[in-house]
Undergrad: 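Below you will find the structure I want to go over with you.
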Amino acid sequence: MSPRVAVVTGGGSGIGLAIGRRLAADGNAVAFFDRDGASAKAAAEQITADGGSAIGVQVDVTDRAGIHAGIDEVKTRLGAPQILVNSAGKTVAGPTLEVTPDLWELVHAINLTGTFDCCQAVIPHMIEAGWGRIVNISSSSTHGGVAQMAAYVSSKSAVNGLTKVLALEFAKYGITVNAIPPGFIDTPMMRDHESQGLISVEQQIERTPVGRAGTPEDIAAACSFLASDEAGYITGQLVGVNGGRNT
Ligand SMILES: NC(=O)c1ccc[n+]([C@@H]2O[C@H](COP(=O)([O-])OP(=O)(O)OC[C@H]3O[C@@H](n4cnc5c(N)ncnc54)[C@H](O)[C@@H]3O)[C@@H](O)[C@H]2O)c1
């Protein structure tokens, strides 16, 4: 695989952290973007300590100007980005009739508009290079819907749609755009749901044909392939990584 510069949003924790580590192990220089700047920097420091190339940048994906400033910093310190992984996300659950306008806006601002704004900031660099890879981390909840997750499933379903549009529009520049809708991955987000009583891990394992929770590394392995040269004929796809929960 040719080394590239990769940007991973939500890179300070869970799936984004594992993806950043995997892309670095693949030989890429990685910029970890997270609204929690300390976790982004810690992720990068571990990679540089191991001899890799990485930076951590505090970026809140709801801040469009902040995204552009972050990409400028990446260009200066690592080079122009050619891989973008959008993993920053917010999950909320609760009765639909109790979803406030502010909460609806916030979930869409992070999950959907944040993804869109990061794509808009990075795609010009990919066009200039004649090569690009975008992987959007959506959600397996979009396959069949989940009661009481209106804002989340709506925003993530829109990410799937956005993925297809961008794939069609930018294929001619050598850019592929795919989504991974993960299902039941053992991350701090999932453990937070467990502690709030929103899910039972044991019940979820029973529902999962492969008989275990997924790991962030399961998602990172699929992402690594989609970000590689070899995946150039795969675009506009939703590549489910969910232990067989959705087929
Ligand atoms: N864990 C699962 O089972 C699962 C299932 C389906 C989808 N997903 C999706 O995977 C992605 C990663 O989730 P995770 O489980 O690794 O969660 P996580 O909570 O471990 O990590 C999410 C990261 O995103 C960052 N973040 C949140 N809002 C941000 C913002 N506005 N700007 C920048 N960074 C922000 C957080 O600080 C955190 O570091 C999310 O988009 C989530 O919706 C996860």
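Quick caveat: nothing in here was measured; it's all calculated off a predicted structure. In each ligand, atom 1 is the first atom listed, and ligand 1 is the first ligand listed.
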Undergrad: Kindly indicate whether atom 40 (C) of ligand 1 is approached by any protein heavy atom to under 4.0 angstrom.
TA: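 Yes, there is one.
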Undergrad: Using a strict 4.0 Å cut-off to heavy atoms of G14, name the atoms of ligand 1 that fall inside it.
TA: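 So the atoms of ligand 1 that pass are 16 (O), 20 (O).
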Undergrad: Quiz question: by atom type and distance under 3.5 Å, do the side chains of S138 and N160 form a donor-acceptor pair?
TA: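 Checked: S138/N160 side chains pair up, N/O donor to acceptor below 3.5 Å.
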Undergrad: If I apply the N/O under 3.5 Å rule, does I15 come out as touching ligand 1?
TA: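 Indeed, backbone or side chain, I15 has an N or O that close.
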Undergrad: For atom 35 (C) of ligand 1, what's the nearest protein heavy-atom neighbour? Residue, atom name and distance, please.
TA: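 I find the closest protein heavy atom is A88 CB, 3.7 Å.
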Undergrad: Going by distance only, is there an N or O of S140 that falls short of 3.5 Å from an N or O of ligand 1?
TA: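 There is no such contact.
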Undergrad: Going by distance only, is there an N or O of T91 that falls short of 3.5 Å from an N or O of ligand 1?
TA: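 Not met; the criterion fails.
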Undergrad: To check your reading of the model: name the closest protein heavy atom to atom 34 (N) of ligand 1, its residue, and the distance in Å.
TA: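 Result for atom 34 (N) of ligand 1: R35 N, 3.2 Å.
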Undergrad: May I ask you to list the atoms of ligand 1 that are less than 4.0 angstrom from any heavy atom of S138?
TA: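 So the answer, numbered in order with elements, is 7 (C), 8 (N), 9 (C).
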Undergrad: Please identify which atoms of ligand 1 are closer than 4.0 Å to at least one heavy atom of V59.
TA: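 Close to V59: 32 (N), 33 (C).
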Undergrad: For ligand 1, which atoms, with element, lie under 4.0 Å from some heavy atom of G10?
TA: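 Near G10, the atoms of ligand 1 are 23 (C), 24 (O), 25 (C).
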Undergrad: With nothing but distance in play, are any N or O atoms of D36 less than 3.5 Å from an N or O of ligand 1?
TA: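 No - when backbone and side-chain N and O of D36 are compared with those of ligand 1, no distance drops under 3.5 Å.
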Undergrad: Would you say D34 has any N or O atom under 3.5 Å from an N or O of ligand 1, going by distance alone?
TA: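 Such a contact does occur with ligand 1.
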Undergrad: Considering residues, nucleotides and ligands other than E128, do more than 12 of their heavy atoms fall under 6.0 Å from its CD?
TA: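 No, CD of E128 has 12 or fewer neighbouring heavy atoms, counting only those of other groups under 6.0 Å.
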Undergrad: Do N136 and T115 get their side chains close enough for a donor-acceptor pair, meaning under 3.5 Å?
TA: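 Their side chains do not contain a donor-acceptor pair, so the 3.5 Å distance test is not met.
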Undergrad: Is it true that R77 and D72 make a salt bridge, defined as a side-chain N closer than 4.0 Å to a carboxylate O?
TA: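 No, R77 and D72 are not salt-bridged.
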Undergrad: Distance under 4.0 Å to a non-hydrogen atom of F184: what atoms of ligand 1 satisfy this?
TA: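 Contacts of ligand 1 toward F184, numbered from 1: 3 (O).
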Undergrad: Does D60 approach ligand 1 within less than 4.0 angstrom via side chain, backbone, both or neither, non-hydrogen atoms only?
TA: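 Both backbone and side chain of D60 come within 4.0 Å of ligand 1.
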Undergrad: Write out the residue and atom name of the closest protein heavy atom to atom 20 (O) of ligand 1, then the distance separating them to 0.1 Å.
TA: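 That would be S13 OG, 2.7 Å.
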Undergrad: Starting from atom 11 (C) of ligand 1, what is the nearest protein heavy atom, named by residue and atom, and what distance separates them?
TA: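 Scanning the protein heavy atoms, the shortest distance from atom 11 (C) of ligand 1 goes to S87 O, 3.1 Å.
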Undergrad: Of all the non-hydrogen atoms in the protein, which one sits nearest to atom 43 (O) of ligand 1, and at what distance?
TA: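 Residue, atom and distance for the closest contact: Y152 OH, 2.6 Å.
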Undergrad: Can an N or O of I185 be found at a distance shorter than 3.5 Å from an N or O of ligand 1?
TA: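 Looking only at distances, the answer is yes, because the N/O contact criterion of under 3.5 Å is met.
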Undergrad: I'd like to know if the side chain of T100 reaches the main chain of L103, judged simply by a donor and an acceptor atom lying under 3.5 Å from each other, with no hydrogens or angles considered.
TA: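 Confirmed, T100 side chain pairs with L103 backbone.
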Undergrad: Please determine if V61 has a nitrogen or oxygen closer than 3.5 Å to a nitrogen or oxygen of ligand 1.
TA: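 In this structure, V61 places an N or O atom under 3.5 Å from an N or O of ligand 1.
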Undergrad: Rounded to the nearest 0.5 Å, how far apart are CG of L238 and OG of S140?
TA: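 The OG atom of S140 is 11.5 Å from CG of L238, to the nearest 0.5 Å.
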Undergrad: Tell me the protein heavy atom at minimum distance from atom 17 (O) of ligand 1, and give that distance in Å.
TA: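 Result: M189 CB, 3.2 Å.
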Undergrad: For atom 15 (O) of ligand 1, which candidate among V85, T187, V241 provides the closest heavy atom?
TA: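 Nearest option to atom 15 (O) of ligand 1, by heavy atoms: T187.
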Undergrad: Suppose we measure from atom 5 (C) of ligand 1 to each protein heavy atom; which comes out shortest, and what is that distance?
TA: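 Result: P182 O, 3.6 Å.
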